[in-house]
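All ligand and atom numbering here is 1-based and tracks the order in the structure. These figures come from a predicted structure and were not determined experimentally.
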Amino acid sequence: MIKVKTLMVYESIHHGNTEKVAKVMADVLKAELVKAKELDINLVAEYDLLGFGSGIYWGKPHKDLLHTIDSLPSLTNKQAFVFSTSGAGEKGSNKAHQLIKGKLIEKGFTIVGEFSCRGFDSFGLLKLIGGINKGRPNEHDLKEAEDFARRWQNS
Ligand SMILES: Cc1cc2nc3c(=O)[nH]c(=O)nc-3n(C[C@H](O)[C@H](O)[C@H](O)COP(=O)(O)O)c2cc1C
């Protein structure tokens with residue numbers, strides 16, 4: 001059995017929603033989990049599979065995640081998955097995922113999966129109504145994140 005060595009890179013600045021999803025996936029995959037700014041890009045070569053995740057802010061992933069991806073060297077034989085949480089769920093993350101995937105493909109990654117779910121959002125005026133998606137990601141979302149990650153789980 002070949003072991004898949006996984007590194008996950010993320011940003012989660014609003015309510016830690018994306019971090020919750022990232023932690024569940026990292027547990028399944030026994031992955032290293034680092035914030036985008038803290039990634040030592042020289043270590044990337046040691047991993048087979050990389051996960052890139054972010055909350056969605058103004059339709060985009062966090063800029064630190066994008067900068068980190070931009071700063072990676074060109075790579076070969078690396079797989080990547082993309083994940084996010086957003087106020088609008090899949091609809092809110094679509095364009096942002098396209099942006100991340102485009103950059104990763106340019107760097108030589110093969111995209112092998114993507115995951116998104118809703119996250120508690122109390123930004124701006126939403127605060128006045130107590131926010132939307134309270135409690136999200138919830139147990140069901142986290143179970144889906146776990147199931148998503150299982151496809152690369154080392155047995
Ligand atoms: C500044 C800001 C902008 C946001 N813009 C969007 C957006 O364009 N689309 C969307 O669906 N959600 C948007 N959201 C909601 C977040 O994507 C959602 O709350 C997400 O789960 C936050 O993840 P985090 O807790 O990991 O930071 C925004 C939140 C903030 C704080």
[atom] [closest protein heavy-atom partner, distance rounded to 0.1 Å]:
{"atom": "atom 27 (O) of ligand 1", "result": "Y57 OH, 2.5 Å"}
{"atom": "atom 5 (N) of ligand 1", "result": "W58 N, 2.9 Å"}
{"atom": "atom 8 (O) of ligand 1", "result": "G59 N, 2.8 Å"}
{"atom": "atom 16 (C) of ligand 1", "result": "I56 O, 3.3 Å"}
{"atom": "atom 20 (C) of ligand 1", "result": "T85 OG1, 3.3 Å"}

Heavy-atom contacts with [X] under 4.0 Å: which atoms of ligand 1 show up? List them by number with element.
{"X": "G92", "answer": "11 (O)"}
{"X": "G87", "answer": "10 (C), 11 (O), 12 (N), 15 (C), 16 (C), 17 (O), 18 (C)"}
{"X": "F120", "answer": "18 (C), 19 (O)"}
{"X": "H14", "answer": "19 (O), 22 (C), 24 (P), 25 (O), 27 (O), 31 (C)"}
{"X": "G55", "answer": "23 (O)"}

Beyond-backbone contact of S84 with H97, side-chain heavy atoms, under 4.5 angstrom: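 Heavy-atom side-chain distance check passes, below 4.5 Å.
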
Could you say whether the N/O atoms of [X] and ligand 1 ever approach to under 3.5 Å?
{"X": "I13", "answer": "yes"}
{"X": "T18", "answer": "yes"}
{"X": "F123", "answer": "no"}

May I ask you to decide if A36's main-chain N or O and T68's side chain share a donor-acceptor pair within less than 3.5 Å?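 Yes, because the side chain of T68 sits within donor-acceptor range (under 3.5 Å) of the backbone of A36.
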
Option whose closest heavy atom lies nearest to atom 11 (O) of ligand 1, chosen from A88, A96, P61, C117: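 Nearest heavy atom to atom 11 (O) of ligand 1 lies in A88.
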
Selected option - heavy-atom contact closest to atom 26 (O) of ligand 1, from A22, S12, S116, G131: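 The option holding the nearest heavy atom is S12.
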
